[in-house]
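Notes for the one structure printed next.
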Amino acid sequence: MDPKDSLRRRPLPTPGAQAAPAQRPNTPVFDSIPTSNFYGTGSSNPPPPLPSRPKATGSSHTTYIQQSAPPSYTSALDSEFREPESLPEQDSIPDLIPSDAAQGWSDHNWGPSEWDYQPTDNWGTGTFDPLEMMDTATRDVGVPIDGRSNTEENQWWNPIEREHYERPGPGMLPPGLAEALHNSDHSLFSVSASLPTTAVSASKSKPELTPSSSPGSPPLVSPQPSTSSSASACPPPNEDDVRTAIPHPNAYYCPKDHGWIILSWKSSTVDPPFAKSFANTPHMPFPDQLRRKRTASCLDDDNPRSRSNKTHHFHKYEKAIDAHKLIPPLRRDEWEVMESVKLKRRGGTIIVDNEDLEKIRIRDADPPEEEMEEGKLLDLYVCCQCSFYCVASGVIPGVIQRKYFEEFVKEKREQPQPGKTGEQSVSVGLETIATAIENRLWKGETRSIRINRPNFQTKIGWNVTVKRIFELLGFIEDEQDGDLGIKPPLADLSPLGRTNRKKLLRAWVEIGAWLADFRRIYSTQFKDPKTYKLLSIKIDPAREMYQTAIGAHPDQIPRDPGTTASAVLVRCQDALKEFGLTNSTYSAELLVFAYFAQCRCDPAGTVKYFSFLSNIVQTLREFADCPALLLDTLAMESSRDRFTLEDIHRATEILGFGAEGVLKVEYDNEIGDSWIENAWRECLKRSWKDPLRGHEIQRDANQAFRILAEARGSAKLRRVWEFNKDKFMTPSRAYDTLEVPHDVDDSMLITIYQMRLDETPTQMDRMREALSVIAESRDSERLKRFLQSGEDPGDVVPPTRPDFPRGLNQLGNTCYLNSLLQYFYTIKELREAVMPMTRLDLKALDDDKLTDDELKRHRVGGRLVTRREINRSKKFVGQLAVLFTNLEYCDAPSVTPSMELAELALVTSKDEDEEADGRGTESSNDTDATLVDELPGHSAQQSNPTQSSILGKRPRDLQRPEEMDVDLLSPRNPNEQGRALSPILLDLDQGPVAGPSNRPEASTSGSRLDFEGDVEMKKQPPLPARKNTRVNSESTMIGKQHDVAECMDNCMFQIETALLPFNSTESQEDVGKSSVVKKLFYGKIKQRLTGAEPRSRSSVHEKEDLFSHLPVNVADDGIDIYDGLSNYFDDTVEFEGRKHRMEVSLVELPPLLQIQLQRAQFNRDTLQSYKSQAYVKFGETIYVDRFMDNADPQKKARSKTIQVDLNTARDRLRALLEGKDGSYATAIEKTREFLSQIGGLEDEGVDEDLSHQLESEALMIDEEITQLRVRIDVLKESLESIWEDSTDVAYELTSVFIHRGSSSSFGHYFFYSRNLPSEPDSWFKYNDSDVSIVSKEEILANTTGSTANPYLLVFARKGLDVVDTVKRFDPAKLLDSTS
């Protein structure tokens, strides 16, 4: 009978079949053998009796007698056992351990006797806890899952509770296991091998093997001495040899790795054969064996609805299984053993080939059991829910190392044979190597292969890679008569020859398996069988088999065909991997099951798993449809106080940790529990001081404390939180405890407290706690000292922190001056330039006479300055330096500016000249340089003729009504001295020139442009006579109301004048570049006068000028800072009787960008000025890219078109809502109501349909208003979208000046400054002598309905270190630096 005919292969399993598929479908299964012949009883040479049977008996003592007429029987697949047979009684149990030479390839159930390590965990010895079953979680989570415990899940954070349950740790679902078993991009194949055609042809010319010449066992007769024909005495490999060339029955070949993977799986309640070393390796506990025994497999396909669990949940135990204890054992290949033996035995001595390697092989490959080393360690994957487990190895490399195999394939593909493709050349080359192996094994060819022969060179070639491949196969390079060749290895039945035979057979099988897959992939290259050699190696894909076994087959877990959810979840691959899923195997049910299974088996990772679940749900909600099951699961888990990793980070910030937090300490595991508790209590105290958000802060603090307590696994902190979460004393409870109202003063509170103690002394501790809480909430130093000493200290002025900025005391109507001086102090470079002036010798100023030529070297504000102005400017800066020094070093909470500083800041040299003219005196220091000869028609004290103040105040020298100051939108007196706060356009060579600073009012003024392009205002009618203001020496004009614009003009003028080097020979341009005032506050703009049409680019006039401020006309609500600036940069003016467009663009930008909100408006109907309270929206950052001269012209054109439409829609909406007598809709509705209330309309001559017409008209107006609002929103959104990616020129908000009052003529000023650079989210409020910390929300708040509005915004260029808000001398830092 042909052995091939006796082979019957098992069919591949059907995906989704009930039972796990049997392994090794390529393993031949012989038909059943009659029991009378099973042990070879019909043989003439039976084995010795059982009692005397030697150890390690194998196939050489078991003879198979082929019957002449095979009986009729079914295959082993249909008959799993044979009839029982009686055996003679034996004195002892025979030793039936199979030898290595005769490996059994049948399935085997591992038993307790086949492993040495008995785990001490729950495996096989698990205890059944009835309390756990009673506490099983009863929440319906939408998917089947068992083994959960409410108590354990609620106590997931408690390490003691986790130790009680001893859960196995993180697990994975079948898709994750499929990825873990082997790279999903690689294919695994079952390999079956048969004899090559070479063996069949060779068998016809060679004698057949006798049964005693079984390969793999010593021959019954001694082999003949080696001769030229000795090869004929060496039997070629037979079917069994070829079949056992595969490393193991459960080995699968991977072509990409060119190696083998061991995969074995089964459902069994018997423990697998653990490795001895696994006992000493730290690993997670094993799943409870009692629970596992209750279910054979989670994949009960007969009734999926009755499943206890959705699918398997596997846990990995690395290097847990000893390959030597597999049945059959997986041992190292003998050629590897020989190499290791040689290395071990060397010790400086080389072992020759004729040494007795047989003894070494037996001793090292099969040592005594007590000395046996562990074999290859395999990974174990255990399902915690059923009896199923899986064993897997890493890649077992092939005979030819992957490196050389891949290099050979690459070379053949890149350098194909003539007339063949690269793929065909690869096939021919490997076929040639396989043929060389076949010739050696089956033809007994021992002659050397001549490598220089044309056929060899064409098919294989010779290089380092080819040489190394043949060396790995055992071929030896030799040379005969100068002809280089490679000699085949010894392959007889000697120990070395037997090892070489196995190596060659393995390599032959591996090459054939690789070629089979290669030809399958490139099947179009191998259509003609005549062009390639037929293979004796067959491969079958194993993916479906092992996927079905572990529950990962597409029929069991459908793959997503590429829906939106699958594409979106690519963003969450890491999160899905933690659950053992992929984006293609995702489903809502599997994800929910995986989440609860992970939390069940790894409670310590609950935070991590909930974070991943939240991330997945959030991603699905944002980019796709999120299933209701996931939303419900997330909501249910959130209700159980689950939190994410992000919540932990946020909790640390809430309690004040981090570089930006109040504690200034980074949170880490080294922070003690006491630190956490104290931080929580301090956070609660801070909540008491915030009446608006106090309750919210307290709630967040409690939540943050619980989160950190559970995240740290601290039972102590958890108990503190549990005990105090609802009992902690709050200010409200404290007032209730003492039975006092919240607004009681400290003195009365102390009195009542003492009375309460006298009435109820037993409540002393609670009363004291209540008073302590009130003291903290009020930050009352008086109450704190009373609690410490028990005596009322009276009114206490608390000390000011050394690092806290100081306030400025008022001198009388100087709140505007105080705001300005504080602003100057926060500017680092300006402060550093001024403070050295404290050493200025004021007495020497009068003696320091400058010549006329020196006075003419420099201009300030476009004009020459006088000696007297230089001297008074230096005095001003000297006084300012003294003030700055006091602000840095004084201990008092506030500083009083000197009277001289206030006089010099508030009184201009023009004011002094007017006063001197009134007394008939003149300054003795003035020279001819006081007149600017280059500017005819202007006096020496001239300033910008179109300048206006910040709130639009009329200059002081204009006559105003006696009873009050009236703010009018008119140009300043041309004779007024000083520079404007609004953007003056200065031409330093030609004197002051008119600029666009008045253009926010230009559209409504009667202005025109002269031929130079400067604005010339029409003559205004004379104003009523103004009462002459005389001041005495005490008031020194301080009682005169100024605004910050006028004051800032004067201060900046004097600072620049005082710092100018008049006695230097530097040019005006060089000095201008070094001027701290110009360097910090001045930029350059370009003005362009064009046609009236928006798209007209015909330029009438164009020039560049300096600017220090950008004005925004604040007349109406509903605009933001960009709208206001857009109206300034693109306006309409009148020139030569026609309207023209005035375009302005930014050319150079200053470090500090000052934006003036012009709130002083003029009502032409009432001829009265008023302050606009309109809200202008602005943020922490402004991007001015759109206003730059080099901005994208196309973007500019589009935005201008949209801006025109936007302004038109706003004007129309404003007309409908803000008519002369109110809203039109309201007026119509009131008229209609009036007409409906009176009778006899016909008698009054009123049409009866008038009421209906009015109602219809009102509805039309309301509809138009609605449409206009929608259109405005759409246009604004379109406008901003044009510039949304233009963020190169960024400015950050640093200072905000506030005017509080209903009139522009009077009110109160204060100032906000951002705490830069240390705490950018914190702001200081400078309100004269009072300085406090406020949140940024207060600065950015909507001021609609309030009379406190911003009127000057200061932005600093992002990335420049311009502002240093707090400059205080700290003695502690000085001591630290010296120590």
Side-chain angles (χ1 to χ4, degrees), residues 16-23 109-110 119 121-126 128 143-148 165-182 250 263-274 278 283-304 306-318 320-321 378-392 545-553 556-557 578-581 585 589-603 605:
Q18 297 181 9
Q23 294 186 245
N109 289 328
W110 293 328
D121 303 291
N122 287 339
W123 189 287
T125 58
F128 175 72
V143 293
I145 180 171
D146 64 5
R148 297 173 59 209
Y165 284 89
E166 292 187 325
R167 293 293 188 176
M172 67 186 77
L173 265 58
L177 177 59
E179 294 283 339
L181 293 178
H182 194 58
N250 297 325
L263 291 181
S264 177
W265 55 83
K266 63 177 63 181
S267 291
S268 174
T269 58
V270 180
D271 307 322
F274 291 100
F278 186 62
H283 58 269
M284 295 299 293
F286 283 95
D288 182 7
Q289 184 72 337
L290 292 180
R291 174 169 172 253
R292 294 183 66 245
K293 287 181 179 181
R294 292 195 290 264
T295 305
S297 175
C298 296
L299 306 178
D300 184 8
D301 292 326
D302 290 337
N303 188 7
S306 64
R307 293 181 185 176
S308 299
N309 294 280
K310 176 73 175 176
T311 185
H312 289 301
H313 192 237
F314 293 101
H315 300 271
K316 180 179 180 180
Y317 299 92
E318 293 186 2
I321 304 300
L378 311 182
D379 296 334
L380 174 66
Y381 297 88
V382 179
C383 177
C384 62
Q385 303 162 162
C386 68
S387 302
F388 186 86
Y389 56 83
C390 178
V391 176
M545 179 176 59
Y546 72 77
Q547 282 185 343
T548 303
I550 65 176
H553 193 274
Q556 298 163 317
I557 296 180
E578 288 292 331
F579 294 122
L581 289 170
T585 58
E589 293 79 8
L590 275 180
L591 179 58
V592 171
F593 171 80
Y595 167 74
F596 285 109
Q598 291 288 62
C599 292
R600 175 195 63 195
C601 296
D602 183 28

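Counting from 1, the numbers follow the sequence of the chain as shown.
Remark: the backbone N or O of D146 is paired with a side-chain donor or acceptor of N309 at under 3.5 angstrom. Between the side chain of S297 and the backbone N or O of S387 there is no donor-acceptor pair closer than 3.5 Å.
Annotation: the span from W265 atom CH2 to T548 atom OG1 amounts to 9.0 Å, rounded to 0.5 Å. With rounding to the nearest 0.5 angstrom, the NE2 atom of H312 is 8.0 Å from the CD atom of Q556. Distance OH/Y546 to CG/N250: 14.5 Å, rounded to 0.5 Å. Atom CG of residue L263 and atom CG of residue L378 lie 10.0 Å apart, to the nearest 0.5 angstrom. We find the NE2-CG distance between H553 and L299 to be 12.5 Å, quoted to the nearest 0.5 Å. Residue L181 holds its CG atom at 5.0 Å from SG of C390, rounded to the nearest 0.5 Å.
Residues H313 and F596 fail the side-chain proximity criterion, which asks for heavy atoms closer than 4.5 Å. Side-chain contact check for Q385 versus T295: every heavy-atom pair is 4.5 Å or farther apart. Side-chain contact between F388 and F314 is present, with heavy atoms from C-beta onward closer than 4.5 Å. E589 places a side-chain heavy atom less than 4.5 Å from the side chain of K310.
With sequence neighbours excluded, no residue forms a side chain to side chain donor-acceptor pair (under 3.5 Å) with T311.
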Mind running side chain to side chain contact (heavy atoms under 4.5 Å, CB included) on L380 and F278 for me, showing each step along the way? CA-CA 11 Å; L380 174 66; F278 186 62; over 6 Å; no
Can R600 and C384 be said to form a side chain to side chain contact (heavy atoms under 4.5 Å, CB included), step by step? CA-CA 11 Å; R600 175 195 63 195; C384 62; 3.4 Å; yes
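Residues S268 and V270 come closest through the heavy atom pair OG-N, 3.1 Å. When all heavy atoms of A296 and S267 are compared, the closest pair comes out as O-OG, 3.3 Å. Here the closest non-hydrogen pair linking Y381 and A392 is CE1-CB, 4.1 Å. Closest of all the heavy-atom pairs between G580 and L173 is O-CB, 3.6 Å. The shortest non-hydrogen separation linking Q598 to E578 is NE2-O, 2.7 Å. The shortest heavy-atom contact between P287 and V382 is CG-CG1, 4.1 Å.
Taking the six-membered ring for Trp, F274 and F286 have ring centres closer than 6.0 Å.
Aromatic ring pairs are classed by plane angle as parallel below 30°, tilted from 30° to 60° and perpendicular above 60°; the pair Y317 and H283 is perpendicular.
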